[in-house]
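The next block holds one structure in the form of structure tokens; read it before the comments.
In what follows, every heavy atom counts, from backbone to side chain, and hydrogens, waters and symmetry copies are set aside. Please read all numbers here as calculations on a predicted model, not as lab measurements.
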Amino acid sequence: MIHPQSSQSKPATLARGAERRATLDELKNIITTTEYRDQLAAARARIDDPAFGYFGPDSTMWKISKAFPVLPLMVWYAGILEVFEPRITAGFSGARTPVGSEATSKIRQDTDPLPRYSRTYEAFMDWFVGDDELATRTSNRIFGYHSRIVMRMPEDSTSKRYGPGTPFAALEPELMVFTVLTQMVPYRQLYERFFGPLTFTESLKYNEEVLQFAAMLGCDPDLVPKTWDEMQQWLDDYYKDPDTVRVDEEFLEAILQIFASRTVATIVMNWTALSAPPALAERLWQLPQLQKHRRTAKMVDPVLRFLFRIAPDAIMISTRWRDAQERIGRKGWTPAARLATKILPRPFGTGRGNLSDYAESASPRMKAVQEAGKFLDESDDILAQAEAAGCPMSSAIARGGADTAAR
């Protein structure tokens, strides 16, 4: 259904105050803070040991996260899969529209993608191998970001279903299922492409872990497909609808402009399309920009498999996985790994620089939010409610809450 543009609500950046309430009234069906807290508390109730976090050392999630290259590749894949969804791109651009600037539904070219990429990697590692305190705080912080995305499609939107003035929010249930699957489907696919297939038991465990991850974000697990085949099919069906997902020359051109080299951009996008949902790959390969370098793109996987096979464990095992192992009393670090990981900056390695540091790369608005401690205070409130609901805090969480209050 196409929502007509209201004469009283001009598309702008993120809605605030009365405008936000009016937009939410039109949407009606979004994930509320109460629903999010209920889902998060239910997910925490399934934690066996606070030090294990939401998944634990024997989970498939920990196994996949151990292989360092998988998550950085997944963050790229998820970003590409999501960028063709008009609401996600408009919301991302709207959240970063400078004061006084005109909102756009297109990819903003005036932001540095590397800090956001690094922070996204760090957030996923918090969720996948962090303890329950860290993972819960990260869930709350990300929910806080998403809850801000309430707006109308900008005037330059060319989407058939989401034309100018269409209200939307990041926390619409279907959109949340979409984002969960754009992350969890590539995560398993990439692992199996480069490190071998999961066993039958690991596959079944992963299906359950996807539902656990959805609950951590506030997404109702009942809305998420339950089997691996159903997850892949759901995602493919989503890309079949030409009115929902935008795949055209103009939009692809904006993606290609992210790269300094046109040739590299074309190879990377062709390589990405090789394992994208079939419906999306078919639409991408019909565009003239991707008619070149397809044969070269097919050579990328064999080269990466070779490099991953000969690379030493000192750099092929995730530093965050090593930290998690040490946290639960198992051996994670070796002298060679401590030396080798200093080559890479944090959060990917243990080098001096930190690519995800808010103080160095975040926007002024994001820095202000962090300094105010808004999301940490909210997180303490969530943990207290979880305790009252029968999922008590660990001693570490209780200390963290006290420390936050003291500050």
Side-chain angles (χ1 to χ4, degrees), residues 29-31 35-36 38-40 42-43 45-46 54-56 58-65 67 70-71 73-88 124 127-128 139 142 146 161 170-247 272-284:
N29 186 24
I30 68 165
I31 298 171
E35 291 170 337
Y36 161 67
D38 289 344
Q39 293 292 349
L40 187 63
R46 292 187 283 270
Y54 284 80
F55 300 103
D58 298 323
S59 67
T60 303
M61 200 69 77
W62 275 46
K63 175 176 180 174
I64 295 176
S65 301
V70 179
L71 184 54
L73 290 174
M74 183 275 270
V75 173
W76 162 259
Y77 261 86
I80 292 300
L81 293 180
E82 292 172 7
V83 79
F84 294 103
E85 220 294 347
R87 293 170 292 178
I88 290 181
F124 277 113
W127 283 322
F128 295 162
S139 285
I142 299 303
H146 288 166
R161 179 160 297 165
L171 296 177
E172 294 180 59
E174 183 191 43
L175 202 54
M176 288 296 290
V177 174
F178 174 74
T179 56
V180 167
L181 294 181
T182 57
Q183 296 155 5
M184 293 296 94
V185 170
Y187 202 40
R188 172 177 169 174
Q189 288 177 335
L190 287 163
Y191 179 86
E192 294 188 320
R193 277 167 65 181
F194 298 113
F195 297 95
L198 299 178
T199 66
F200 179 73
T201 300
E202 290 168 343
S203 179
L204 293 180
K205 289 168 63 176
Y206 188 73
N207 295 344
E208 293 297 319
E209 290 162 13
V210 171
L211 303 181
Q212 174 81 332
F213 177 68
M216 293 168 64
L217 302 184
C219 179
D220 186 351
D222 289 341
L223 301 178
V224 181
K226 303 301 184 291
T227 70
W228 178 237
D229 288 342
E230 290 173 349
M231 293 176 193
Q232 295 179 94
Q233 188 61 54
W234 191 100
L235 205 54
D236 190 48
D237 290 341
Y238 198 91
Y239 288 103
K240 290 178 180 178
D241 187 350
D243 295 337
T244 297
V245 179
R246 180 186 178 188
V247 182
T272 304
L274 286 172
S275 58
L280 176 60
E282 182 179 355
R283 295 173 67 181
L284 284 172

Inspect the contact between [Y] and [X] and indicate whether a charged nitrogen and a carboxylate oxygen are less than 4.0 angstrom apart.
X: Glu209; Y: Lys205; answer: no
X: Asp58; Y: Lys63; answer: no
X: Glu85; Y: Arg246; answer: no

Do [X] and [Y] have side-chain heavy atoms sitting under 4.5 Å apart?
X: Val185; Y: Trp228; answer: yes
X: Thr272; Y: Trp76; answer: yes
X: Cys219; Y: Val224; answer: yes
X: Leu73; Y: Pro186; answer: no
X: Met216; Y: Phe55; answer: yes

If you round to the nearest 0.5 Å, how far is [atom2] of [Y] from [atom1] of [X]?
X: Arg193; Y: Leu190; atom1: CZ; atom2: CG; answer: 5.5 Å
X: Leu81; Y: Leu235; atom1: CG; atom2: CG; answer: 6.0 Å
X: Leu71; Y: Phe124; atom1: CG; atom2: CZ; answer: 7.0 Å
X: Thr244; Y: Arg161; atom1: OG1; atom2: CZ; answer: 3.5 Å
X: Met176; Y: Gln39; atom1: CE; atom2: CD; answer: 10.0 Å
X: Ile30; Y: Tyr36; atom1: CD1; atom2: OH; answer: 14.5 Å

Using the side-chain contact (heavy atoms from CB on, under 4.5 Å) rule, take Glu172 and Arg87 through it: C-alpha gap first, then chi angles, then the decisive distance, then the call. CA-CA 10 Å; Glu172 294 180 59; Arg87 293 170 292 178; 3.4 Å; yes

[X] side chain to [Y] backbone, donor-acceptor under 3.5 Å:
X: Lys226; Y: Pro221; value: yes
X: Tyr206; Y: Met184; value: yes
X: Asn207; Y: Thr227; value: no
X: Ser59; Y: Gly56; value: yes
X: Ser203; Y: Phe200; value: no
X: Arg283; Y: Val245; value: yes
X: Ser139; Y: Leu217; value: no
X: Gln212; Y: Ala43; value: yes
X: Tyr77; Y: Ser275; value: no
X: Glu82; Y: Ile88; value: no

For the residue pair Gln232 / Asp236, report whether a side-chain donor-acceptor contact shorter than 3.5 Å exists. no

Scanning both residues in full, the closest heavy-atom pair of Lys240 with Ala279 reads CG-CB, 3.5 Å

Which pair of heavy atoms, one from Leu284 and one from Ala273, lies closest together, and at what distance? CD1-CB, 4.0 Å

How about Tyr187 and Phe128: are their ring centres within less than 6.0 Å of each other? yes

Assert yes or no for the condition that the ring centre distance of Phe213 to Trp127 is strictly below 6.0 Å. yes

Verdict with reasoning, Val177 to Glu174, per side-chain contact (heavy atoms from CB on, under 4.5 Å): CA-CA 5 Å; Val177 174; Glu174 183 191 43; 5.6 Å; no

Test side-chain hydrogen bond (donor to acceptor under 3.5 Å, both in side chains) on Asp229 and Gln233; report intermediate values, then the result. CA-CA 6 Å; Asp229 288 342; Gln233 188 61 54; over 6 Å; no

Between Tyr239 and Val247, does a side-chain contact (heavy atoms from CB on, under 4.5 Å) hold up when you go through it step by step? CA-CA 9 Å; Tyr239 288 103; Val247 182; 5.6 Å; no

